[in-house]
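Have a look at the structure below before the remarks.
Chain letters run A, B, ... following the sequence lines, proteins first and then strands; every chain starts at 1.
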Protein chains: 2
Amino acid sequence: MPPNTSPAVVLERAAAACTARGLAFTPIRQRVLQLLLEHGKGLKAYDLLALIKAEQPGATPPTVYRALDFLTEHHLAHKIERNATFVACTQENHVEPSLFLVCPKCSAITELQDRSVMQALCRALAAAGHQLDNPEVEIGATCPNCKGS
Amino acid sequence: MPPNTSPAVVLERAAAACTARGLAFTPIRQRVLQLLLEHGKGLKAYDLLALIKAEQPGATPPTVYRALDFLTEHHLAHKIERNATFVACTQENHVEPSLFLVCPKCSAITELQDRSVMQALCRALAAAGHQLDNPEVEIGATCPNCKGS
DNA sequence: GGCATGGATGTAATGTTATAACATCGCCCT
DNA sequence: AGGGCGATGTTATAACATTACATCCATGCC
């Protein structure tokens, strides 16, 4: 996979994945994913709502929350809990758990897959009698751009 | 340290730490920490507010948020971002980063220190050009009690 | 003593994030 | 045609958090 997959390609993959699984990739859902992809960094639900509203004045919170629920449920987007933002998933293959590096300064999100960290983590969890719950692990980490400042 | 340090001991340690650092461990702050300790698992700010209000009817959101800000700023408590709960810190020595295991079912919080996981994590972050931001890393992990169900 | 200072708290209002509940639409299937 | 069902529209409200400004009170200084 190229370092930065273009929004168009990701969208197309998402459409294909939905078709394959019998899911409805409706215009709203598609548009929300597109906005997330175009924006790049995490977007808040109400920012998204404002963008949608510009095109579709009747939009309300449920409009975007429902689309986001769909996208996150089907692993086309992720919710970053720590700052209540949403980000498009750009990993083709989402069987492996990912680390999400969230920059506290600029809110940029970097999705990172690292087998050895995950193994160490799962081992430690198992030793404590726990079990990794969801494959999205958020880490607060200053990004390269903000590290200097 | 014994496996479960008693609330009284932790409170006393907190009071000592504040005195040593010239901080005001006021009744409200003390009471909030005490409630967190007694409760054991994560408490939401408004649950805490309800408890405080029972004793002090004039309490409002800022009353508890200010106490929580104080406690988290001075590492006497932690905020669990993923479900907006707060938990007392029970580790005596908070120089080392900790993992916070958050059970998605029952919201129990387990604080875990594991050097090897942290080292693996920091190595992976460094390789990606990032730097660990805060020493509190949250992991969604089903707890031993909920694992069966 | 008088009084300025600054941290802590009181108080009111508001901002931000998320969901509940119910109505309606449109498609597919028979 | 009509039933079923998933998606969407619509209204209201719940849940979480902050801003802004007023007040209080302990301390230190004149």
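- Using a 4.0 Å cutoff on non-hydrogen atoms, no part of residues 27-36 of chain B comes near DNA chain D.
- Atom CG in B/Asp69 sits about 10 Å away from atom C1' in D/dT18, given to the nearest Å.
- Atom CG of A/Leu71 is separated from atom P of D/dA7 by 12 Å (rounded to the nearest Å).
- Scanning residues 50-65 of chain B for heavy-atom distances under 4.0 Å to DNA chain D yields B/Pro61, B/Pro62, B/Tyr65.
- Atom-to-atom, CD of A/Glu73 to C1' of D/dG6 comes out at 13 Å; the value is rounded to the nearest Å.
- In this structure, B/Lys79 reaches the D/dA17 phosphate: one of its side-chain N or O atoms is under 4.0 Å from OP1 or OP2.
- Distance alone, capped at 3.5 Å, places no donor-acceptor pair between the A/Arg82 side chain and the A/Glu138 backbone.
- Distance, B/Leu68 CG to D/dC16 P: 13 Å, rounded to whole Å.
- Map B/Arg66 and B/Phe86 each onto its nearest nucleotide of DNA chain D; the residue landing nearer the 5' end is B/Phe86.
- Contact between B/Val64 and B/Leu48 at its shortest, heavy atoms only, is CG1-C, 4.4 Å.
- Here A/Ile139 is tied into one hydrophobic group with A/Leu99, A/Leu101, A/Leu112, A/Val117, A/Met118, A/Leu121, A/Leu125, A/Leu132, A/Val137, B/Leu99, B/Leu101, B/Leu112, B/Val117, B/Met118, B/Leu121, B/Leu125, B/Leu132, B/Val137, B/Ile139, each link being a pair of ILVMFWY side chains closer than 4.5 Å.
- Between B/His130 and A/Thr142, every side-chain heavy-atom pair lies at or beyond the 4.5 Å cut-off.
- Put simply, CZ on A/Arg82 is 17 Å from C1' on D/dC16, counting in whole angstrom units.
- Spacing between atom CZ of A/Phe25 and atom P of D/dT8 amounts to 11 Å, rounded to whole angstrom units.
- Salt bridge annotation for B/Glu55-B/Arg31: present, with a cationic side-chain nitrogen under 4.0 angstrom from a carboxylate oxygen.
- Protein atom CD of A/Glu81 is 13 Å distant from nucleotide atom P of D/dC16, rounded to whole Å.
- Put simply, chain B comes within 4.0 Å of DNA chain C, heavy atom to any atom, from C/dA8 to C/dA12, going 5' to 3'.
- With values rounded to the nearest 0.5 angstrom, A/Ser6 atom OG is found 11.0 Å from A/Glu38 atom CD.
- Nearest-nucleotide positions on DNA chain C for B/Phe70 and A/Ala84 put B/Phe70 closer to the 5' end.
- In this structure, B/Phe86 and B/His78 have side chains that are not in contact, with every pair of non-hydrogen atoms separated by 4.5 Å or more.
- Taking the side chain to side chain donor-acceptor pair (under 3.5 Å) definition, one finds that B/Ser107 meets it with nothing, sequence neighbours left out.
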TODO: Show the numbers, then the answer: is there a side chain to side chain contact (heavy atoms under 4.5 Å, CB included) between A/Ile52 and A/Val32?
DONE: CA-CA 8 Å; A/Ile52 295 283; A/Val32 167; 4.0 Å; yes
Please walk me through it: do B/Gln113 and B/Ser98 pass side chain to side chain donor-acceptor pair (under 3.5 Å)?
CA-CA 5 Å; B/Gln113 292 190 340; B/Ser98 286; 3.2 Å; yes
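- For residues 33-72 of chain B, the pairs satisfying ring pair (Phe, Tyr, Trp, His ring centres under 6.0 Å) are B/Phe70-B/His74, with sequence neighbours left out.
- Taking atom CG of residue B/Leu23 and atom P of nucleotide D/dT27, one finds them 15 Å apart after rounding to whole Å.
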